[in-house]
Enquirer: 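Below are the structure tokens for one structure; questions will follow.
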Amino acid sequence: MLQKITNGLLSPKRIANYVHESFGKSFLYLLMLVLFLMIPTVTNILVNSTLSSNAQNIIKTAFLQEKIPFFIEDGKLRNKDGNTEAVYVNDNLSGYKIVISENNAASFDSLKSIVIFLNEDSVDIVMAGAVMRLFQYSDYSNLNGLDINGANGFENIEFWNTVFSIVDNQLDNYFAIRFAINVFYNIFYWIVWLMILACILGLVARMRTLNFLRFGDALKISIYNMTPFVFCAIISEFFNIGIFIYLGYIITFIFNTMTVNEILKQNGKLERRDDSNDL
């Protein structure tokens, strides 16, 4: 397997030797590439067990100058105007929606985003209609008397310290769940995306050989030639250099072309194609 990784990174012409391998072996190699791609994800989860300063600033910005007429008292959410049907909605956070209401039956769309619902006595997370309770206000004594309207400014340090301390505590409590969801989601995502990429490369390779190369064989060599893309994607994630992922696509395409040319050469097809072009 180490030799295959080395060839995938440095010797695309040698990838031609794997054209007659079983697809099972090629797919196992793809799964290994997916495991490599999981390294940044797992590292990020383990290192960033609390909210980063950047994440905190994004959350603060989402509530900047918002008017939120709610407060918490004696473990209950209350509306300052006494309107128990009032609903506050904030969808300024990408992928998330914050809903605040004393009305536990308040209606909102949870299909397009993850909803964090602050209801009468607890904070729930709602995804596609499924509800999971995170905690009750009574679980945290420092929430008593909290004016939620304090979220509308960066300068409200005491408010944000209270909120972020609870968020960090919740992240710690649900670490195992977060870890499992992130890992399985990313494994699924990368398997699907690498297969799509391999199919695109395989189709291009098949057209390049004027259908001489079977699609299954073209798919196999494409999987091995995705090695540069995978390692560039890892570098891109670790060092936050977006251009590396595009460099990975380019190198993978070039390597795949070199492998196809080597296959044509080994089968005496490349010279005949060049001769026909001269004519």
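The residues of the chain are indexed from 1 along the displayed sequence.
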Enquirer: Between S236 and G242, what is the shortest heavy-atom contact and its length?
Expert: OG-CA, 3.8 Å

Enquirer: May I ask whether W193 and I235 are part of the same hydrophobic cluster, defined by side-chain heavy atoms of I, L, V, M, F, W, Y residues being less than 4.5 angstrom apart, directly or through others?
Expert: yes

Enquirer: Using a 6.0 Å cut-off, check whether atom CD1 of I243 has over 12 heavy atoms from anything other than its own residue.
Expert: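 Not more than 12 within 6.0 Å, no.
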
Enquirer: Just checking F159: does its CZ atom have more than 12 heavy atoms from other residues, nucleotides or ligands closer to it than 6.0 angstrom?
Expert: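 Yes, enclosed.
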
Enquirer: Transitively linked via ILVMFWY side-chain contacts under 4.5 Å: L46 with F238?
Expert: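 Result: yes, single cluster for both.
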
Enquirer: I need the minimum non-hydrogen distance between N156 and G150, along with the two atoms involved.
Expert: ND2-O, 2.6 Å

Enquirer: So, does S52 use its side chain to make a donor-acceptor pair with the main chain of A55 at under 3.5 Å?
Expert: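 It does hold such a pair.
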
Enquirer: State, yes or no, whether a side-chain contact exists between L37 and I234 at a heavy-atom distance under 4.5 Å.
Expert: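 Counting from C-beta outward, L37 and I234 do come under 4.5 Å.
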
Enquirer: Would you check, one step at a time, whether the test side chain to side chain contact (heavy atoms under 4.5 Å, CB included) holds for F70 with L118?
Expert: CA-CA 10 Å; F70 291 91; L118 283 71; over 6 Å; no

Enquirer: Nearest 0.5 Å, please: how far is CD in E66 from OG1 in T61?
Expert: 11.5 Å

Enquirer: Nearest 0.5 angstrom please: T227 OG1 to N225 CG, how far?
Expert: 7.0 Å

Enquirer: Do D147 and K80 meet the salt-bridge criterion of a basic N to acidic O distance under 4.0 Å?
Expert: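 Salt bridge present between K80 and D147.
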
Enquirer: Is the closest side-chain heavy-atom distance between M195 and F27 below 4.5 Å?
Expert: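 A side-chain contact exists here, since the closest heavy-atom pair is under 4.5 Å.
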
Enquirer: Does any donor atom in the side chain of R208 or N261 lie under 3.5 Å from an acceptor atom in the other side chain?
Expert: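 Result is yes, a qualifying pair exists.
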
Enquirer: Taking only residues two or more places apart in sequence or in another chain, which ones pass salt bridge (charged side-chain N to carboxylate O under 4.0 Å, His left out) with E102?
Expert: R78

Enquirer: Could you walk me through whether N142 and I166 pass the side chain to side chain contact (heavy atoms under 4.5 Å, CB included) test, one step at a time?
Expert: CA-CA 9 Å; N142 55 346; I166 293 173; 4.1 Å; yes

Enquirer: With side chain to side chain contact (heavy atoms under 4.5 Å, CB included) as the test, pick out the partner of V192 among Y189, F188, W190.
Expert: F188

Enquirer: Nearest 0.5 Å please: distance from the CD1 atom of I114 over to the CG atom of L93.
Expert: 11.0 Å

Enquirer: Quick one: does any side-chain atom of N152 pair with a main-chain N or O of Q65 as donor and acceptor, under 3.5 Å?
Expert: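 Checked: no pair found.
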
Enquirer: With a 3.5 Å cut-off and no angle check, do the side chains of D139 and Y137 form a donor-acceptor pair?
Expert: no

Enquirer: Can any side-chain N or O of N90 pair as donor or acceptor with the backbone N or O of N92 at less than 3.5 Å?
Expert: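 The answer is yes, because a donor-acceptor pair under 3.5 Å joins these two groups.
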
Enquirer: Please determine whether side chain to side chain contact (heavy atoms under 4.5 Å, CB included) holds for the pair F23 and K220, giving the CA-CA distance in whole Å, both sets of side-chain angles, and the decisive distance to 0.1 Å.
Expert: CA-CA 6 Å; F23 182 76; K220 286 184 285 187; 3.9 Å; yes

Enquirer: Is there a ring pair (Phe, Tyr, Trp, His ring centres under 6.0 Å) between F117 and F108? Walk through the geometry before answering.
Expert: CA-CA 10 Å; F117 182 29; F108 45 80; 5.1 Å; yes

Enquirer: Please go through F154's hydrophobic cluster and name the other residues, only I, L, V, M, F, W, Y counting, with side-chain heavy atoms under 4.5 Å joining them.
Expert: L64

Enquirer: If two hydrophobic side chains count as joined below 4.5 Å and joins carry through other members, does V183 share a cluster with L35?
Expert: no

Enquirer: Answer yes if the ring centres of Y224 and Y29 are under 6.0 angstrom apart, and no otherwise.
Expert: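 Between Y224 and Y29, the centre distance is under 6.0 Å.
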
Enquirer: Is any side-chain heavy atom of D168 less than 4.5 Å from a side-chain heavy atom of D172?
Expert: no

Enquirer: Is atom CD of E155 surrounded by more than 12 heavy atoms (other residues, nucleotides or ligands) closer than 6.0 Å?
Expert: yes

Enquirer: Which heavy atom in S222 sits nearest to a heavy atom in G202, and how many Å separate them?
Expert: OG-N, 3.3 Å

Enquirer: Of all heavy-atom pairs between R133 and Y174, which one has the smallest distance, and what is that distance?
Expert: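 So the minimum-distance heavy-atom pair works out to O-OH, 3.4 Å.
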
Enquirer: Would you check if N182 and V42 make a side-chain contact, meaning some heavy-atom pair closer than 4.5 Å?
Expert: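 When only atoms from C-beta onward are counted, V42 and N182 do not touch, as no gap falls below 4.5 Å.
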
Enquirer: How many angstroms lie between OG1 in T41 and CZ in F179, if you round to the nearest 0.5 Å?
Expert: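 Going from OG1 on T41 over to CZ on F179, the span is 9.5 Å.
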
Enquirer: Using side-chain heavy atoms (C-beta onward) and a distance below 4.5 Å, is K13 in contact with T259?
Expert: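 Sidechains of T259 and K13: no contact.
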
Enquirer: Which value, rounded to the nearest 0.5 Å, describes the distance between D74 atom CG and L143 atom CG?
Expert: 12.5 Å

Enquirer: Would you call E21 and K4 a salt bridge, using N to O less than 4.0 angstrom?
Expert: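 Result for this pair is yes, salt bridge flagged.
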
Enquirer: Same cluster or not: I181 versus I191, using hydrophobic residues (I, L, V, M, F, W, Y) connected whenever any side-chain heavy atoms lie under 4.5 Å apart?
Expert: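 In one cluster: no.
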
Enquirer: Would the distance check show the side chain of N57 and the main-chain N or O of N54 forming a donor-acceptor pair, the cut-off being under 3.5 Å?
Expert: no

Enquirer: With a 4.5 Å cut-off on side-chain heavy atoms, are L134 and D124 touching?
Expert: no

Enquirer: Is any side-chain heavy atom of V87 less than 4.5 Å from a side-chain heavy atom of V89?
Expert: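 V87 reaches V89 side chain to side chain.
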
Enquirer: Considering all heavy atoms of both residues, which atom of I251 and which atom of C232 are nearest to each other, and what is their separation?
Expert: CD1-SG, 4.4 Å

Enquirer: Let me check something: do F164 and F175 share a hydrophobic cluster, defined by ILVMFWY side-chain heavy atoms less than 4.5 Å apart, either directly or through other members?
Expert: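 Looking at the clustering, F175 is in a separate group from F164.
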
Enquirer: Any sub-3.5 Å donor-acceptor pair from N7's side-chain atoms to S11's backbone N or O?
Expert: no

Enquirer: Using side chain to side chain contact (heavy atoms under 4.5 Å, CB included), reason through V99 and K97 one step at a time and then give a plain yes or no.
Expert: CA-CA 6 Å; V99 179; K97 181 183 293 184; 4.0 Å; yes

Enquirer: Mind checking whether W160 and F63 have parallel, tilted or perpendicular rings, split at 30° and 60°?
Expert: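 Correct class here is tilted.
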
Enquirer: Between OH of Y96 and CD1 of I59, what distance do you get to the nearest 0.5 Å?
Expert: 9.0 Å

Enquirer: According to the interplanar angle, ranging from 0 to 90°, do the rings of F36 and F231 count as parallel (below 30°), tilted (30 to 60°) or perpendicular (above 60°)?
Expert: tilted

Enquirer: Please give me the minimum heavy-atom distance between E85 and N103, naming the atom from each residue.
Expert: OE1-ND2, 3.1 Å

Enquirer: Are L201 and T252 side-chain neighbours, meaning at least one heavy-atom pair lies under 4.5 Å?
Expert: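 Answer yes - side chains close enough.
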
Enquirer: Side chain of N79, backbone of P69: donor and acceptor closer than 3.5 Å?
Expert: yes

Enquirer: Does CD1 belonging to I196 count more than 12 external heavy atoms closer than 6.0 Å?
Expert: yes

